[in-house]
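Predicted model only: the values in this text are computed from it and were never measured. Every chain is numbered from 1, with letters handed out A, B, ... down the list of sequences. Only heavy atoms go into these numbers, but all of them, side chains included; no hydrogens, no water, no symmetry mates.
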Amino acid sequence: MAEEAEGGVPEEILSLWEREQAQLKARVVDRDTEEWQREPAFSGLRRVGGVDLSFVKGDCARACASLVVLSYPELEVLYEDNQLVSLSTPYVPGFLAFREVPFLRDAMQRLRDTKPSLVPQAGFGVACHLGILTDLPCIGVAKKLLQVDGLENNALHRERMQLLHAGGDSFPLMGESRTVLGMALRSHDRSTNPLYVSVGHKVSLQTAVRLTHSCCRFRIPEPVRQADIRSREHIRRTLGLPAAPEPAPKRSQKVHPKGNLEETLD
DNA sequence: GCGACAG
DNA sequence: ATCTTGTCGC
């Protein structure tokens with residue numbers, strides 16, 4: 001039988017993925033390709049997309065894949081597509097896209113088929129993989145540092161985090177290969193934990209960071225946050241479980257209604 | 001002493 | 001990813 005090294009994935013599949021990744025990497029465009037990306041306030045940008053998968057509690061295979069499209073700069077949901085899917089591939093660090101991207105690509109295709117006018121001009125929530133497959137500008141967004149190419153959440157890293165004082169502050173993630181793999185970004189004034197913005201497709205890292213910041217009402221960029229919320233909600237409604245947890249009317253601090261746009265537009 | 005590693 | 005309440009701070 002085939003030996004299984006990573007997460008129960010046969011070596012044969014793993015080497016297939018490695019080759020596929022190398023081919024995709026060669027096709028990545030890591031610079032700005034759209035006019036609006038050069039604009040100080042991204043004028044011309046009207047729609048941003050977000051993707052996410054939420055998983056069924058006791059199930060390692062079933063999940064809900066969600067694609068949402070938000071208006072920009074209002075960040076209001078214009079479109080959502082939630083699809084219950086069955087995952088065939090286990091999670092392997094470094095190969096996340098092979099597990100999740102097929103369903104997101106399908107969702108994007110459904111959008112192109114049914115409502116082409118709502119196709120987003122930029123996508124959040126996955127790195128370059130989906131960008132290559134859809135030919136759309138995409139940005140990678142993670143809540144935790146992917147420890148690869150020598151990147152480590154060590155003392156030095158945490159020290160640099162301390163130096164991020166205001167929303168929009170960032171520092172580069174330099175791998176051992178002397179390649180900048182992404183940026184740690186303080187996405188909001190009231191958020192200590194940085195966001196990890198990785199090199200995507202058809203957008204420069206600098207623009208990716210600026211755009212991500214401008215889409216953050218909270219720590220997580222609104223497109224991804226809405227995809228996350230709506231994918232979980234879809235699971236709850238579909239596989240009906242306990243009643244909807246009514247969010248107690250907590251006192252809400254004075255939050256800027258439209259994220260960090262003020263700073264961006266200043 | 002355990003386990004560290006995007007989701 | 002998911003299991004989970006209250007609690008601290010603005």
Side-chain angles (χ1 to χ4, degrees), chain A residues 5-9 14 17-18 21 24-25 50-67 82 84-104 123-131 138-155 157-158 165-167 173 175-176 181-200 208 212 217-221 224-225 227-236 239 241-242 245-256:
Chain A
E6 301 276 357
V9 176
L14 219 47
W17 285 354
E18 284 166 356
Q21 267 185 345
L24 289 168
K25 184 177 179 181
V51 293
D52 191 46
L53 268 71
S54 289
F55 292 79
V56 177
K57 188 162 41 179
D59 199 324
C60 60
R62 282 197 299 174
C64 176
S66 175
L67 164 66
N82 298 295
L84 279 176
V85 300
S86 189
L87 303 186
S88 50
T89 312
Y91 167 64
V92 181
F95 299 95
L96 174 66
F98 289 95
R99 173 167 159 87
E100 302 193 349
V101 144
F103 307 101
L104 303 173
F124 293 81
V126 286
C128 43
H129 203 127
L130 183 61
C138 276
I139 297 171
V141 176
K143 297 189 284 291
K144 292 186 295 188
L145 178 65
L146 172 58
Q147 310 207 174
V148 69
D149 193 18
L151 293 182
E152 217 181 336
N153 192 6
N154 54 23
H157 180 80
R158 289 191 294 272
H165 291 124
L173 304 168
E176 281 175 343
L181 299 169
M183 301 278 276
L185 166 71
R186 180 158 179 162
S187 63
H188 201 280
D189 285 337
R190 291 163 291 279
S191 179
T192 295
N193 239 342
L195 204 61
Y196 297 96
V197 176
S198 60
V199 172
T212 300
R217 301 171 62 172
F218 304 99
R219 177 173 177 244
I220 306 300
V224 179
R225 183 169 165 269
D228 175 73
I229 291 171
R230 286 156 197 265
S231 57
R232 319 175 115 80
E233 179 63 12
H234 187 264
I235 287 178
R236 195 193 61 71
L239 309 175
L241 280 171
E246 180 68 31
K250 283 180 181 278
R251 286 173 291 109
S252 62
Q253 53 185 310
K254 184 193 174 193
V255 171
H256 297 296

Student: Return the value, rounded to whole Å, for the distance between atom CG of Leu181(A) and atom C1' of dA6(B).
Tutor: 13 Å
Student: Quick check, does Tyr91(A) stack with dG7(B)? I mean ring centres under 5.5 Å and planes off by under 30°.
Tutor: yes
Student: Within the structure shown, what part of the strands sits under 4.0 Å from Gly140(A) by heavy-atom distance: base, sugar-phosphate, or nothing?
Tutor: nothing
Student: Under 4.5 Å between any side-chain heavy atoms of Leu53(A) and Leu87(A), yes or no?
Tutor: yes
Student: OP1 or OP2 of dA1(C) less than 4.0 angstrom from a side-chain nitrogen or oxygen of Lys143(A), does that happen here?
Tutor: yes
Student: Indicate, with a heavy-atom threshold strictly under 4.0 Å, whether Arg62(A) touches base, sugar-phosphate, or nothing.
Tutor: nothing
Student: I need the CG-C1' distance between Leu173(A) and dC5(B), as an integer number of Å.
Tutor: 15 Å
Student: Look at the aromatic rings of Phe98(A) and Trp17(A) and report parallel, tilted or perpendicular, splitting at 30° and 60°.
Tutor: parallel
Student: State, with a plain yes or no, whether a side-chain heavy atom of Arg219(A) is found less than 4.5 Å away from one of Lys143(A).
Tutor: yes
Student: Take the protein atom NE2 of His188(A) and the nucleotide atom P of dC10(C), then report the distance between them rounded to whole Å.
Tutor: 15 Å
Student: Is Arg230(A) paired with Glu233(A) through a side-chain N to carboxylate O contact shorter than 4.0 Å?
Tutor: no
Student: If I take atom CG in residue Leu104(A) and atom P in nucleotide dA1(C), what distance separates them, rounded to the nearest angstrom?
Tutor: 15 Å
Student: Mind running side-chain contact (heavy atoms from CB on, under 4.5 Å) on Leu84(A) and Ile235(A) for me, showing each step along the way?
Tutor: CA-CA 8 Å; Leu84(A) 279 176; Ile235(A) 287 178; 4.3 Å; yes
Student: Can you see whether Ser231(A) engages Ser66(A) through a side-chain donor-acceptor pair at a distance of less than 3.5 angstrom?
Tutor: no
Student: Any base atoms under 4.0 Å from Phe98(A), or only sugar-phosphate, or nothing? Heavy atoms, all strands.
Tutor: nothing
Student: Would you mind reading off the distance between Gln147(A) atom CD and dG3(B) atom C1', rounded to a whole angstrom?
Tutor: 12 Å
Student: Could you check whether any side-chain heavy atom of Ile220(A) comes within less than 4.5 Å of a side-chain heavy atom of Asp228(A), counting everything from C-beta outward?
Tutor: no
Student: Check the distance between dG9(C)'s P and Arg219(A)'s CZ and give it to me in whole angstrom.
Tutor: 20 Å
Student: Of the listed nucleotides (dG7(B), dC5(B), dT2(C)), which one gets closest to any side-chain atom of Lys57(A)?
Tutor: dT2(C)
Student: Grab the CG-P distance between Asn193(A) and dC8(C) for me, whole Å please.
Tutor: 20 Å
Student: How long is the line joining CG of Asp52(A) and P of dA1(C), in whole Å?
Tutor: 7 Å
Student: For dA1(C), does either OP1 or OP2 sit under 4.0 Å from a side-chain N or O belonging to Arg99(A)?
Tutor: no
Student: Paired stems touching DNA chain C, three or more consecutive Watson-Crick or G-U pairs with both distances under 3.5 Å?
Tutor: none
